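Quick note: numbers below take in every heavy atom, side chains included, and nothing from hydrogens, waters or symmetry partners. Residue numbers start at 1 and run along the sequence shown. None of the values given here were measured: they were computed from a predicted structure.
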Amino acid sequence: MENLTDCLNEKLKPYCLDNTQFWLAYSGGLDSRVLLQAVWEYFRSCAANGNLRTSLNAIHINHGLQSQADDWQAHCQLTCDDLGVPLTMVALHLDPNASNVEALAREGRYRAFESVMTESSVLLMAHHLDDQAETFLYRLMRGSGTQGLAGIPEKRALGSGELLRPLLSITRADLEHYARHKQLQWIEDPSNTNQDFDRNFIRHQVLPLLQTRWPRASQQIAKSSGFCRTAENHIRILAEQDWQTLDCALEKVGFSVSLAALNRLEHKLACLRYGFQALHVTLPNESQWYEILNQVIADDARDDSQALVRWGDGFCAGKFRGRMHVFIDSTPSGSVSTDSSSINVSSINTSQYALTLKPSSQTQRCAFSEMQRCTLPWAPDWLLEVHAGGNLRVDSDVITVRPRVGGERSQPASRRHSQKLKKVLQESAIQPWLRAILPLVYSDEALIAVADYWVEKPYHTDDLNQGVRLRLVNQHPWQLQLEQALVKPSAIERIAKTRR
């Protein structure tokens, strides 16, 4: 008990004078029940000494996967009521028959945790020493490297706040002893005894067997995990230095890095893994990394859209004009919708109004301060905005926006003759995977602009007060997250620049 109290004092004291808002992940099980009691008693002691400027809240996630889930929720509510700790409850709606239900439950939990975090928030979780040992053994059997074997981190960023695990040096036996001494009540989840799950098999079979031969097996495994964490930190420092050399650039879709610079590196994968994680890219598996190395990064890799490597939730890597591009594919699957959108431009005052896309049955003109955005029917992640003040002259009352269907001809303002649009796009700096979704802008049946890339010569004006300006916007959540990562004050600000 003294060990647990000393541990909490060491881990929590730095936060207790900073107006920190603590959240405690409370499942109702032994581990989180002990943490709740110990933190509650620690804060009460600090308050008595006048050394407390924090608040404590609990959050319970109801996964709905067990018939007793609502009873467990009620138990947690009663416990928190007894302690006077406010409890927030979040219900997840999961399919218990899903093949990846464990992963879905974990993702749902952390989304719920992130939703309550602010910059002054710290989420406390009750992982302990034996959890660390189980994680090491589990990842060892999956063939993980130093990053995986580094195990459960004591602290990391979570949403706008921080996640802290103050019990990683405490064994489960210590927690059980504390719970019995305090006469605590907790929930026993029957799924924790189901050895069809790998972690449960390690907990009930593998780790106890090791401990019969080596009583301090958990401590020694955690020690090795710490060595891996130290090695991984050194690798990460070197990888960050390498990433700085890659000329990382924000693109209209995803980001790109210099292949020439990447191919000069000795440890390419370590560098890319660092960059991908910093930019919220799902990491490829081993075979997908091999494809990226050979189909995209290699000097003899093809420089066209056929060399795309796909993984995760729609992520792709491709090679174009000496750069590796990483993006989420916006190319429509199957046939492209031929639906069009229209813009009413009659009686427009370009100094006062901006124009926005609407389906043709709902065309309207909007005040600039109230500008709305409209999704392209054939590419739901994309919007086209029309602003006052630009080089595009509009002579008709209505302009329409359509997808490419093939056979179009184009004459950018900078060219003397028209050519097939396909040829103009091939000669441009537009990535092949972006060309498929580009909106074509028409006045009556005449092509007047290709997205926000160029204005057709007959419709180009130098008088910005008489023209409008187009802006194609990628609204995919990851793209927005990527843009924030590339501009916010952080390590990534030093290693990436924006290229428009």
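- The backbone N or O of T282 lies less than 3.5 Å from a partner atom in the side chain of W311, making a donor-acceptor pair.
- Under the 3.5 Å distance criterion, the side-chain polar atoms of S258 are left unmatched by any main-chain donor or acceptor of R323.
- When atom types are taken as modelled, the side chain of H60 and the backbone of M89 share no donor-acceptor pair closer than 3.5 angstrom.
- A distance of 8.5 Å separates CG of N285 from CD of E291, quoted to the nearest 0.5 Å.
- Looking only at distances, no side-chain donor or acceptor of R471 sits under 3.5 Å from a matching main-chain atom of H387.
- Listed by first then second residue, pairs satisfying salt bridge (Lys or Arg N to Asp or Glu O under 4.0 Å) with a partner in residues 210-234 read E232-R273, not counting sequence neighbours.
- When all heavy atoms of W186 and R33 are compared, the closest pair comes out as CB-CB, 4.1 Å.
- The two residues L472 and K252 come nearest to each other via the heavy atoms O-NZ, 3.6 Å.
- Inspection of the Q77 and D81 side chains reveals an N or O donor paired with an N or O acceptor under 3.5 Å.
- Listed by first and then second residue, the ring-ring contact (aromatic ring centres under 6.0 Å, His included) pairs involving residues 202-231 amount to none (not counting sequence neighbours).
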Please step through ring pair (Phe, Tyr, Trp, His ring centres under 6.0 Å) for the pair F315 and F276, ending with a clear verdict.
CA-CA 11 Å; F315 282 101; F276 280 18; 8.0 Å; no
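- There is a side-chain donor-acceptor pair under 3.5 Å between N62 and Q73.
- Rounding to the nearest 0.5 Å places OG of S191 at 8.5 Å from CG of L65.
- By the salt bridge (Lys or Arg N to Asp or Glu O under 4.0 Å) test, R203 is found to be paired with E134, residues two or more places apart in sequence or in another chain being considered.
- Under 3.5 Å, the side chains of S218 and Q132 contain no donor-acceptor pair of N or O atoms.
- Residues that satisfy the ring pair (Phe, Tyr, Trp, His ring centres under 6.0 Å) test with Y110, not counting sequence neighbours, are F113.
- Partners of S67 under the side chain to side chain donor-acceptor pair (under 3.5 Å) rule, at least two apart in sequence or in another chain, do not exist in this structure.
- Contact record, P284 with I292: CG-CD1, 3.8 Å, taken as the closest heavy-atom pair.
- Not a single donor-acceptor pair under 3.5 Å links the side chain of K182 to the backbone N or O of A179.
- Residue W433 comes nearest to L308 through the heavy atom pair CE3-CD2, 3.8 Å, listed as atom of the first residue, atom of the second, then distance.
- Residues L184 and Y178 meet the side-chain proximity criterion, which asks for heavy atoms closer than 4.5 Å.
- Residues forming a side chain to side chain donor-acceptor pair (under 3.5 Å) with N9 (at least two apart in sequence, or on another chain): Y42.
- For L104, the side-chain contact (heavy atoms from CB on, under 4.5 Å) partners two or more places apart in sequence, or in a different chain, are L94, A98, N100, E107.
- Here the SG atom belonging to C316 is positioned 4.5 Å from the CG atom belonging to D329, to the nearest 0.5 angstrom.
- Partners of R139 by salt bridge (Lys or Arg N to Asp or Glu O under 4.0 Å), not counting sequence neighbours: none found.
- Residues passing the salt bridge (Lys or Arg N to Asp or Glu O under 4.0 Å) test with E176, sequence neighbours excluded: R172.
- Contact detail for M117 and E162: the closest heavy-atom pair is CE-O, 3.4 Å.
- For Q277, the side chain to side chain donor-acceptor pair (under 3.5 Å) partners are Q147, not counting sequence neighbours.
- More than 12 heavy atoms of other residues, nucleotides or ligands sit less than 6.0 Å from atom CD of E41.
- Cation-pi check for R236 over Y274 is not met; the charged atom does not lie both under 6.0 angstrom from the ring centroid and within 45 degrees of its normal.
- Here the side chain of D95 pairs no donor or acceptor atom with the backbone of V101 at under 3.5 angstrom.
- Across all non-hydrogen atoms, the minimal contact from A451 to L470 is O-CD1, 3.0 Å.
- Not one N or O on the side chain of S225 forms a donor-acceptor pair closer than 3.5 Å with the backbone of I221.
- Checked against side-chain contact (heavy atoms from CB on, under 4.5 Å), M141 has no partners two or more places apart in sequence or in another chain.
- Scored by the salt bridge (Lys or Arg N to Asp or Glu O under 4.0 Å) test, K11 finds E154 as partners (sequence neighbours excluded).
- Side-chain contact between W478 and H280 is present, with heavy atoms from C-beta onward closer than 4.5 Å.
- Defined by atom type and a distance below 3.5 Å, a donor-acceptor pair is present between the side-chain atoms of R109 and H63.
- A donor atom on one side chain and an acceptor atom on the other are found under 3.5 Å apart for S121 and Q21.
- A side-chain N or O of D174 and one of T171 form a donor-acceptor pair less than 3.5 Å apart.
- There is no side-chain donor-acceptor pair under 3.5 Å between D242 and H267.
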